[in-house]
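Working notes, structure below.
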Amino acid sequence: MAKIVYYVASSLDGFIARPNGDISWLRPFEGTGEDYGYREFYDSVERLVLGARTYEQIPSLGAWPYSGKPVHVVTSRPLPRFDPRVVFQSGDFQKWVPPLRRVSEKNIWLVGGGALAGAFLQEDFLDELIVSVVPVLLGEGIRLFGSLKTAVSLRLMRTQEFENGVMQMRYRVRGKD
C-alpha cells in the first residue's frame, strides 16, 4: 500500500505561509542550485493531494507544476479545473483515501495545506513527514498542521543540514513502522 508523505517547507516558528497564503518568504532559498531533495522526492510519488486553498494558489506560481500526475483536491465547493488530471474529493477521507492508497504503486504527496495535513494525521492517514525548516520567523500565518486535537508521536528517520541554514527532517509517524 502506498505511503502518504507530507513534504513541506516551514518557517522556524511553524508556519507554511503568511495568513493570506503568501509564500514569497521562501524566494531567497530558491534558485540557489539546491533542490532540497525535491526532484528525488517528486520522482518517488505517483499522485498528489492538495487542499482547496493550496490549489487556488497554484496559478500565481506560473505554469502547472504537476503535469503528468493525478492531483486530488479536497474541497467542499466548486473550483476551476486547472489541469485535466485534477480530481475533486470530498472531506470524507474514509471514502476515497484507502482506495487511493491501494491503487497507487508509488507514494502519495500530501502537498498541503496545514489544516489538511493535520486532518490526515488525526485520521491516521499520514505515514511520513519531510519538513524543511527555513531560518525565517514569520510570527503568524498558516500553521504547519493546523490545530491538532491529540498528540502524535513521531520517529526521526533522518536529518540533513544545508549550507544556507535550512534543516530538513524526515519523520515516520509512530505506529507506521
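In this chain, numbering begins with 1 at the start of the sequence shown.
Not counting sequence neighbours, Tyr171 has no partner by the ring pair (Phe, Tyr, Trp, His ring centres under 6.0 Å) test. Every residue two or more places apart in sequence or in another chain that forms a side-chain contact (heavy atoms from CB on, under 4.5 Å) with Leu26 is listed here: Ala9, Ile23, Glu30, Val134. Every residue two or more places apart in sequence or in another chain that forms a side-chain contact (heavy atoms from CB on, under 4.5 Å) with Gln57 is listed here: Ser60. Partners of Arg47 according to the salt bridge (charged side-chain N to carboxylate O under 4.0 Å, His left out) rule, which considers only residues two or more places apart in sequence or in another chain, do not exist here. Under the salt bridge (charged side-chain N to carboxylate O under 4.0 Å, His left out) criterion, Lys95 pairs with Asp92, not counting sequence neighbours. The ring pair (Phe, Tyr, Trp, His ring centres under 6.0 Å) search around Tyr38 returns Tyr42, Trp109, not counting sequence neighbours. Listed by chain and number, the residues in a ring pair (Phe, Tyr, Trp, His ring centres under 6.0 Å) with Trp64 are Tyr66 (sequence neighbours excluded). With sequence neighbours excluded, the residues forming a side-chain contact (heavy atoms from CB on, under 4.5 Å) with Ala2 are Ser104, Ile108, listed by chain and number. Partners of Ser11 by side chain to side chain donor-acceptor pair (under 3.5 Å), not counting sequence neighbours, listed by chain and number: Asp13. With sequence neighbours left out, the side-chain contact (heavy atoms from CB on, under 4.5 Å) criterion links Val87 to His72, Gln89.
Using a 4.0 Å cut-off between a side-chain N of Lys or Arg and a carboxylate O of Asp or Glu, Arg170 and Glu128 qualify as a salt bridge. The existence of a salt bridge linking Arg77 and Glu56 is confirmed by a sub-4.0 Å separation between a basic side-chain nitrogen and an acidic carboxylate oxygen.
To the nearest 0.5 angstrom, Asp83 atom CG is 13.0 Å from Lys69 atom NZ. The distance from the CG atom of Leu129 to the CZ atom of Arg155 is 12.0 Å, given to the nearest 0.5 Å. To the nearest 0.5 Å, the span separating CZ on Arg18 from CD on Glu140 amounts to 8.5 Å. Here Trp25 contributes atom CH2 and Leu137 contributes atom CG; the two are 10.5 Å apart, rounded to the nearest 0.5 Å. Expressed to the nearest 0.5 Å, how far OG of Ser132 lies from CZ of Phe29 amounts to 11.0 Å.
A donor-acceptor distance shorter than 3.5 angstrom exists from the side chain of Asp127 to the backbone of Ile4, with no hydrogens or angles considered. Of the possible donor and acceptor atoms, one in the side chain of Arg85 sits under 3.5 Å from a partner among the backbone N and O of Gly68.
Looking at Tyr55 and Val74, their side chains never come closer than 4.5 Å, going by heavy atoms from C-beta outward. Taking the side chain as every heavy atom from C-beta outward, Val133 and Gln168 never approach each other to under 4.5 Å. Looking at heavy atoms from C-beta onward, Val71 lies out of side-chain contact with Val111 at the 4.5 angstrom threshold. In this structure, the side chains of Pro135 and Val166 come closer than 4.5 Å at one or more pairs of heavy atoms. Here the side chains of Lys3 and Arg172 are in contact, with some heavy-atom distance below 4.5 Å.
One hydrophobic cluster, built from ILVMFWY side chains closer than 4.5 Å, holds both Leu156 and Leu144. The hydrophobic cluster containing Leu12 also contains Met167, counting ILVMFWY residues as joined when their side-chain heavy atoms lie under 4.5 angstrom apart, directly or transitively. Clustering ILVMFWY residues whenever any of their side-chain heavy atoms sit less than 4.5 angstrom apart, transitively, puts Leu79 in the very cluster that holds Leu48.
Contacts classified as ring-ring contact (aromatic ring centres under 6.0 Å, His included) and involving residues 144-170 (residues at least two apart or in different chains) are given here: Tyr6-Phe145, Tyr36-Phe162.
The two residues Val131 and Ser10 make their nearest non-hydrogen contact at CG1-CB, 4.1 Å. Among all heavy-atom pairs drawn from Phe15 and Gly139, the shortest one is CE1-C, 3.7 Å. Closest non-hydrogen pair, Val103 versus Glu46, comes out as O-OE2, 4.0 Å.
Under a cut-off of 6.0 angstrom, the local environment of CZ in Arg53 is sparse, with at most 12 non-hydrogen atoms contributed by other residues, nucleotides or ligands.
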N/O donor to acceptor pairs below 3.5 angstrom from side-chain atoms of residues 116-125, sequence neighbours left out:
| residue | atom | partner | partner atom | Å |
| --- | --- | --- | --- | --- |
| Gln122 | OE1 | Lys149 | N | 2.5 |
| Gln122 | OE1 | Thr150 | N | 3.0 |
| Gln122 | NE2 | Thr150 | OG1 | 2.8 |
| Glu123 | OE1 | Gln94 | NE2 | 3.1 |

